Visitor: 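Take a look at the following structure, please.
Computed from a predicted structure; not experimentally measured. Residue numbers begin at 1 in each chain, while the letters A, B, ... track the order of the sequences.
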Amino acid sequence: DQQVKQNSPSLSVQEGRISILNCDYTNSMFDYFLWYKKYPAEGPTFLISISSIKDKNEDGRFTVFLNKSAKHLSLHIVPSQPGDSAVYFCAASAFNSGNTPLVFGKGTRLSVIA
Amino acid sequence: KAGVTQTPRYLIKTRGQQVTLSCSPISGHRSVSWYQQTPGQGLQFLFEYFSETQRNKGNFPGRFSGRQFSNSRSEMNVSTLELGDSALYLCASSLGLAGHTDTQYFGPGTRLTVL
């Protein structure tokens, strides 16, 4: 049973436009969410996170939105750049429920076309 | 500050063999987590060690085991290898427990191929 779902395996966006990556979760105990970016032949790198007490967190070109009632979060990248082309993983944990590991989605491959 | 290092980077084994992978966390980090990445399944959590104790374990068979040393370095072992064990094995370190909002830093991974 997949608790964190990224239903779009891939996404193509033109340079300068907005990229929107989506993530859905099923476990209502999840209260902390993260996005990681992965380039080929490298490990994932942390991008941005959000706690369930917030509905938005911004860091430069990256914004994460959380809709708890829909159990949905999204990552917005504006403007998209060719260097953003990578696989993006959504992850979640049930921080307030005790020591639980991060649960990752299967990833979305973003291609930013110049 | 040096990042997370994993050795070896690439490994080819045959079915039935066993393998040991090594991970050196960032200096000062006490938590090491292991993940298996396959094209169809994304990143799947294997286990997490903190101060030499296994704190969490994912849904993998007992053929997968690990340990952590007093210097926080960690090893994972897979016995009786199967073709389906072919994957990228990623190690990640963090100051505290990974699920407690501490950012995890990933190594480049070990690509294991089982023939």
Visitor: Checking heavy atoms, do the side chain of B:Y105, its backbone, both or neither come under 4.5 Å from chain A?
Guide: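 Contact with chain A: none, neither part.
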
Visitor: Please name the pair of heavy atoms, one in A:G43 and one in B:L90, separated by the smallest distance, quoted to 0.1 Å.
Guide: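 The pair with the smallest heavy-atom distance is CA-CD2, 4.1 Å.
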
Visitor: Is there a path of hydrophobic side-chain contacts, each under 4.5 Å between heavy atoms of I, L, V, M, F, W or Y residues, that connects A:V64 with A:Y88?
Guide: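 They do share one cluster, since a chain of ILVMFWY contacts under 4.5 Å joins A:V64 to A:Y88.
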
Visitor: Around A:R109, counting heavy atoms of other residues, nucleotides and ligands shown, do more than 12 lie under 6.0 Å from its CZ?
Guide: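 Result for CZ/A:R109: open.
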
Visitor: Is B:L11 reachable from B:V78 through a run of I, L, V, M, F, W or Y residues, each pair having side-chain heavy atoms under 4.5 Å apart?
Guide: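 Yes.
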
Visitor: Tell me the residues of residues 71-87 of chain A whose non-hydrogen atoms fall below 4.5 Å from those of chain B, in number order.
Guide: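 No residue falls under the 4.5 Å cut-off.
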
Visitor: Same cluster for B:V114 and B:F60 if Ile/Leu/Val/Met/Phe/Trp/Tyr side chains link at under 4.5 Å?
Guide: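 Hydrophobic grouping puts B:V114 with B:F60.
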
Visitor: Please find the pair of heavy atoms, one from A:A41 and one from B:P108, that lie closest to each other, and give the distance.
Guide: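 So the minimum-distance heavy-atom pair works out to O-CB, 4.3 Å.
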
Visitor: Under 4.5 Å, heavy atom to heavy atom, which residues of residues 46-54 of chain A contact chain B?
Guide: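 Answer by number: A:F46.
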
Visitor: Closest approach of A:F89 and B:Q37, non-hydrogen atoms and distance?
Guide: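 Reported closest heavy-atom pair: CZ-NE2, 3.5 Å.
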
Visitor: Quick one: do A:F62 and A:F65 end up in the same hydrophobic cluster if we chain Ile, Leu, Val, Met, Phe, Trp and Tyr together by side-chain heavy atoms under 4.5 Å apart?
Guide: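 Different clusters.
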
Visitor: Please flag which part of B:L43 lies under 4.5 Å from any non-hydrogen atom of chain A: side chain, backbone, both or neither.
Guide: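 Answer is both: backbone and side chain atoms of B:L43 are under 4.5 Å from chain A.
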
Visitor: In terms of heavy-atom proximity below 4.5 Å to chain A, should B:R111 be classed as side chain, backbone, both, or neither?
Guide: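 B:R111 has no heavy atom closer than 4.5 Å to chain A.
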
Visitor: Under 4.5 Å from any heavy atom of chain A, what part of B:Q44 do you find: side chain, backbone, both or neither?
Guide: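 Neither; nothing under 4.5 Å.
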
Visitor: Could you tell me whether B:N71 atom CG has more than 12 heavy atoms of other residues or ligands within 6.0 Å of it?
Guide: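 Count over threshold, so yes.
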
Visitor: For the interface with chain A, which of B:F45, B:F106, B:F50 has the highest count of heavy-atom pairs at distances below 4.5 Å?
Guide: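 Highest number of pairs under 4.5 Å: B:F106.
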
Visitor: According to a hydrophobic-cluster definition based on side-chain heavy atoms being under 4.5 Å apart (Ile, Leu, Val, Met, Phe, Trp, Tyr only), do B:W34 and B:L81 belong together?
Guide: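 Yes; B:L81 is reachable from B:W34 via cluster members.
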
Visitor: Heavy-atom cut-off 4.5 Å, strictly under: side chain, backbone, both or neither for B:F47 against chain A?
Guide: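 The answer is neither part of B:F47.
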
Visitor: Provide the closest heavy-atom pair for A:L102 versus B:Y35 in the form atom of the first, atom of the second, distance.
Guide: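 In terms of heavy atoms, the two residues are closest at CB-OH, 3.9 Å.
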
Visitor: What do you reckon, is CZ of B:R63 surrounded by more than 12 foreign heavy atoms closer than 6.0 Å?
Guide: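 Count over threshold, so yes.
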
Visitor: Is it the case that atom CD in A:Q14 sees more than 12 heavy atoms from other parts of the structure closer than 6.0 Å?
Guide: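 Open.
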
Visitor: Could you check whether atom CZ of B:R15 has more than 12 heavy atoms from other residues, nucleotides or ligands sitting under 6.0 Å from it?
Guide: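 Open.
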
